[in-house]
Q: 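First the structure, then my questions, so here it is.
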Amino acid sequence: MLNVNTLAVIEKDKCHKKAIFDLIMKTGSIPERDMFNTFNMGTGLVIAVDSDKADEAVRILNASGESAAVIGEIKNGEKGVELV
């Protein structure tokens, strides 16, 4: 079970970002953080699994026709999300 002091560290370059979100961000002068918070930059559903089960979860999801990838990790730290 996760401790309440957990931080989700998301690697932006591993997200399934669609070009339309860059256009919206640029045209609307919207900060990248706001785009991730509002639109998830097109990544869609995010699930968290134990790190030792991540590869298996990705394999199962991809075999089921989904486009799955590991985009980050959960660490101890101040509650929230860090984009790197």
Side-chain angles (χ1 to χ4, degrees):
M1 180 169 206
L2 288 177
N3 170 326
V4 292
N5 295 320
T6 56
L7 174 68
V9 180
I10 306 298
E11 296 179 47
K12 296 181 291 186
D13 62 336
K14 291 187 178 180
C15 292
H16 299 279
K17 187 168 76 170
K18 309 239 183 294
I20 187 67
F21 294 106
D22 287 327
L23 178 64
I24 293 168
M25 187 168 61
K26 182 179 178 183
T27 304
S29 298
I30 302 169
E32 182 181 59
R33 177 124 184 121
D34 291 349
M35 291 294 296
F36 270 95
N37 286 344
T38 303
F39 299 112
N40 213 9
M41 296 301 269
T43 297
L45 178 68
V46 176
I47 62 172
V49 298
D50 286 331
S51 59
D52 63 337
K53 300 289 185 188
D55 290 339
E56 180 182 6
V58 168
R59 182 187 57 73
I60 291 168
L61 288 164
N62 285 331
S64 298
E66 300 298 331
S67 178
V70 175
I71 63 168
E73 64 182 326
I74 304 295
K75 294 183 173 183
N76 287 328
E78 186 174 332
K79 181 181 176 182
V81 176
E82 179 181 333
L83 300 170
V84 296

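For the single chain, residues carry numbers from 1 onward in sequence order.
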Q: Compare every heavy atom of C15 with every heavy atom of I10, then report the nearest pair and how far apart it is.
A: CG2-SG, 3.7 Å

Q: From M35 CE over to M25 CE, what is the distance, rounded to the nearest 0.5 angstrom?
A: 6.5 Å

Q: For E11, which residues count as a salt bridge (Lys or Arg N to Asp or Glu O under 4.0 Å) partner, sequence neighbours excluded?
A: K14

Q: Would you mind listing every ring pair (Phe, Tyr, Trp, His ring centres under 6.0 Å) that reaches into residues 55-84, with sequence neighbours excluded?
A: none

Q: Kindly say whether A68 contributes a backbone atom to a donor-acceptor pair with the side chain of N62 at under 3.5 angstrom?
A: yes

Q: Who are the side-chain contact (heavy atoms from CB on, under 4.5 Å) partners of A69, not counting sequence neighbours?
A: H16

Q: Applying ring pair (Phe, Tyr, Trp, His ring centres under 6.0 Å), which residue pairs with at least one partner in residues 38-80 are found, sequence neighbours left out?
A: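 For residues 38-80: F21-F39.
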
Q: Looking at residues at least two apart in the chain, or sitting in another chain, which of them share a ring pair (Phe, Tyr, Trp, His ring centres under 6.0 Å) with F36?
A: none

Q: Please list, chain by chain and in numerical order, all residues satisfying salt bridge (Lys or Arg N to Asp or Glu O under 4.0 Å) with D22, sequence neighbours excluded.
A: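 In terms of salt bridge (Lys or Arg N to Asp or Glu O under 4.0 Å), with neighbours along the sequence ignored, D22 is linked to K17.
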
Q: Just jot down the side-chain contact (heavy atoms from CB on, under 4.5 Å) partners of L23, sequence neighbours excluded, or say none.
A: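 Applying side-chain contact (heavy atoms from CB on, under 4.5 Å) to L23 gives I20, T27.
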
Q: Run through the side-chain heavy atoms of Ile, Leu, Val, Met, Phe, Trp and Tyr, join any pair under 4.5 Å, and report what else lands in L7's cluster.
A: V9, V84

Q: Applying side-chain hydrogen bond (donor to acceptor under 3.5 Å, both in side chains) as the test, list every pair that has at least one member in residues 29-57; sequence neighbours left out.
A: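 Checked against side-chain hydrogen bond (donor to acceptor under 3.5 Å, both in side chains) - neighbours excluded - the pairs reaching residues 29-57 are K12-E32.
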
Q: Is the shortest side-chain heavy-atom distance between I71 and V46 below 4.5 Å?
A: yes

Q: Filter on ring pair (Phe, Tyr, Trp, His ring centres under 6.0 Å), then keep only pairs touching residues 50-73, sequence neighbours left out; what's left?
A: none

Q: Does E73 have any salt bridge (Lys or Arg N to Asp or Glu O under 4.0 Å) partners at least two apart in sequence or in another chain, and if so, which?
A: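 Applying salt bridge (Lys or Arg N to Asp or Glu O under 4.0 Å) to E73 gives K75.
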
Q: Got a second to check how far D13's CG is from L83's CG, nearest 0.5 Å?
A: 11.5 Å

Q: Do any pairs count as a ring pair (Phe, Tyr, Trp, His ring centres under 6.0 Å) and have a residue in residues 52-84, sequence neighbours left out, and if so which ones?
A: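 Qualifying pairs: none.
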
Q: Hydrophobic cluster membership, with links at side-chain heavy-atom distances under 4.5 Å among I/L/V/M/F/W/Y: are I30 and V81 in one?
A: yes

